[in-house]
Structure formats: structure tokens, C-alpha cells
Trainee: 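Input: one structure, supplied below.
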Amino acid sequence: SAEPHPHPRQMSRSQPSECLFLPELPGELKDDDLERHFRGFVGFNTCRTRFDRNGKLVGFVEFDSVETAIRAKESMEENSPITGTPWLIHFSNNTKGGGSKRPR
């Protein structure tokens, strides 16, 4: 018997995490471009870009704590490096540590 989930799935989208997810990057953006924008923030850990199923470039930026990720997200949302394009930033809910936080 499957246990009921305490939280509906869509709740977890906005749950802050230490990994930021950037869903719509320009296709020519490189990992080091992304790093240049984020590495100045306290707590910056790593970042990477990859193409999703639909061939769109997405980015992940990891910080060493949820607090530092929130601060970088709020700061970067106001300063899009891409001319004329809002910088969409979400919290990623598929971080390495994501599975371990669930109570047994």
C-alpha cells in the first residue's frame, strides 16, 4: 500500500533549495558564462548547463546553503545578463541531497 504524500507535488516547485534552476537560457550560453554571473555570490559551489528533452538549454547553480541560494536568486532576478530577456530562476527540487531530507 502506497503511503499518502504529505505534500502535493506542485508544492515542492517553490520549496527553496540550495540548487537554482534556470529553465530558459540562450542556446549559446556556456558553463563558464553562467559561472561568471554567479561565482561572485557567497556560498557559490558549482554550476552547469545542459539541454533538456526539448532541446532547450537549462542551467543549474549549486550553493552550499539554502540561504545563500535564496540571496543569489533574488539578486540575479533583478539583473538579467541577457538583454531584453527576464532571467527566470527557480529552485531545483532534484538536488543530490533531496532524497535524504524525507523523514523515514
Side-chain angles (χ1 to χ4, degrees):
S1 60
E3 291 180 9
H5 280 292
H7 301 294
R9 253 198 99 54
Q10 65 269 24
M11 288 292 293
S12 63
R13 270 310 304 152
S14 56
Q15 206 79 35
S17 76
E18 59 275 11
C19 184
L20 302 180
F21 170 57
L22 291 85
E24 291 176 31
L25 296 173
E28 67 278 4
L29 195 86
K30 304 276 182 293
D31 283 23
D32 28 336
D33 297 329
L34 191 60
E35 180 172 331
R36 215 173 43 244
H37 296 304
F38 282 95
R39 69 170 172 230
F41 289 101
V42 173
F44 173 82
N45 192 351
T46 69
C47 68
R48 64 193 182 281
T49 58
R50 67 177 174 80
F51 288 96
D52 70 7
R53 287 191 295 277
N54 308 314
K56 292 229 191 313
L57 188 68
V58 299
F60 295 90
V61 185
E62 291 185 26
F63 289 85
D64 56 20
S65 74
V66 173
E67 287 71 33
T68 51
I70 292 171
R71 205 167 302 136
K73 176 181 186 287
E74 289 174 349
S75 172
M76 285 304 280
E77 278 178 325
E78 272 123 54
N79 305 297
S80 170
I82 307 149
T83 316
T85 309
W87 190 233
L88 288 176
I89 305 177
H90 301 290
F91 291 108
S92 171
N93 50 5
N94 57 3
T95 52
K96 307 188 287 293
S100 60
K101 297 199 184 75
R102 192 166 291 155
R104 293 246 164 268

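Side chains are part of it too, since the values below use all heavy atoms of this structure and drop only hydrogens, waters and symmetry mates. Remember, it's a predicted structure, so these values are computed and weren't measured experimentally.
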Trainee: Are Phe41 and Arg71 packed together at the side-chain level, in the sense that at least one heavy-atom pair is separated by less than 4.5 angstrom?
Mentor: no
Trainee: Run the side-chain donor-acceptor check on residues 22-30: report pairs under 3.5 Å with partners two or more places apart or on a different chain.
Mentor:
{"unit_1": "Lys30", "atom_1": "NZ", "unit_2": "Glu28", "atom_2": "O", "d": "3.2"}

Trainee: How would you list all residue pairs meeting salt bridge (charged side-chain N to carboxylate O under 4.0 Å, His left out) that involve residues 32-45, not counting sequence neighbours?
Mentor: Asp33-Arg36
Trainee: Could you tell me the separation between the CD atom of Glu62 and the OG atom of Ser17, rounded to the nearest 0.5 Å?
Mentor: 8.5 Å
Trainee: Tell me whether Asp52 contacts the main-chain N or O of Asn54 through its side chain, where contact means a donor paired with an acceptor under 3.5 Å.
Mentor: yes
Trainee: Could you list the residues that satisfy side-chain contact (heavy atoms from CB on, under 4.5 Å) with Val42, not counting sequence neighbours?
Mentor: Thr68
Trainee: Report the residues that fulfil side-chain contact (heavy atoms from CB on, under 4.5 Å) with Phe51, sequence neighbours left out, ordered by chain and then residue number.
Mentor: Leu57
Trainee: Could you grab the distance from atom CD of Glu18 to atom CZ of Phe63, nearest 0.5 Å is fine?
Mentor: 11.0 Å
Trainee: Do the non-hydrogen side-chain atoms of Gln15 and Phe91 ever get within less than 4.5 Å of each other?
Mentor: no
Trainee: With sequence neighbours excluded, what pairs up with Glu67 under the salt bridge (charged side-chain N to carboxylate O under 4.0 Å, His left out) test?
Mentor: none
Trainee: For a 4.5 angstrom cut-off between non-hydrogen side-chain atoms, does His90 reach Leu20?
Mentor: no
Trainee: My understanding is that only residues two or more places apart in sequence, or in another chain, count here; which of them pass salt bridge (charged side-chain N to carboxylate O under 4.0 Å, His left out) with Asp31?
Mentor: none
Trainee: On the 0 to 90° scale, with breaks at 30° and 60°, tag the Trp87-Phe38 ring pair as parallel, tilted or perpendicular.
Mentor: parallel
Trainee: Hey, do the aromatic rings of Phe21 and Phe60 have their centres closer than 6.0 Å?
Mentor: yes
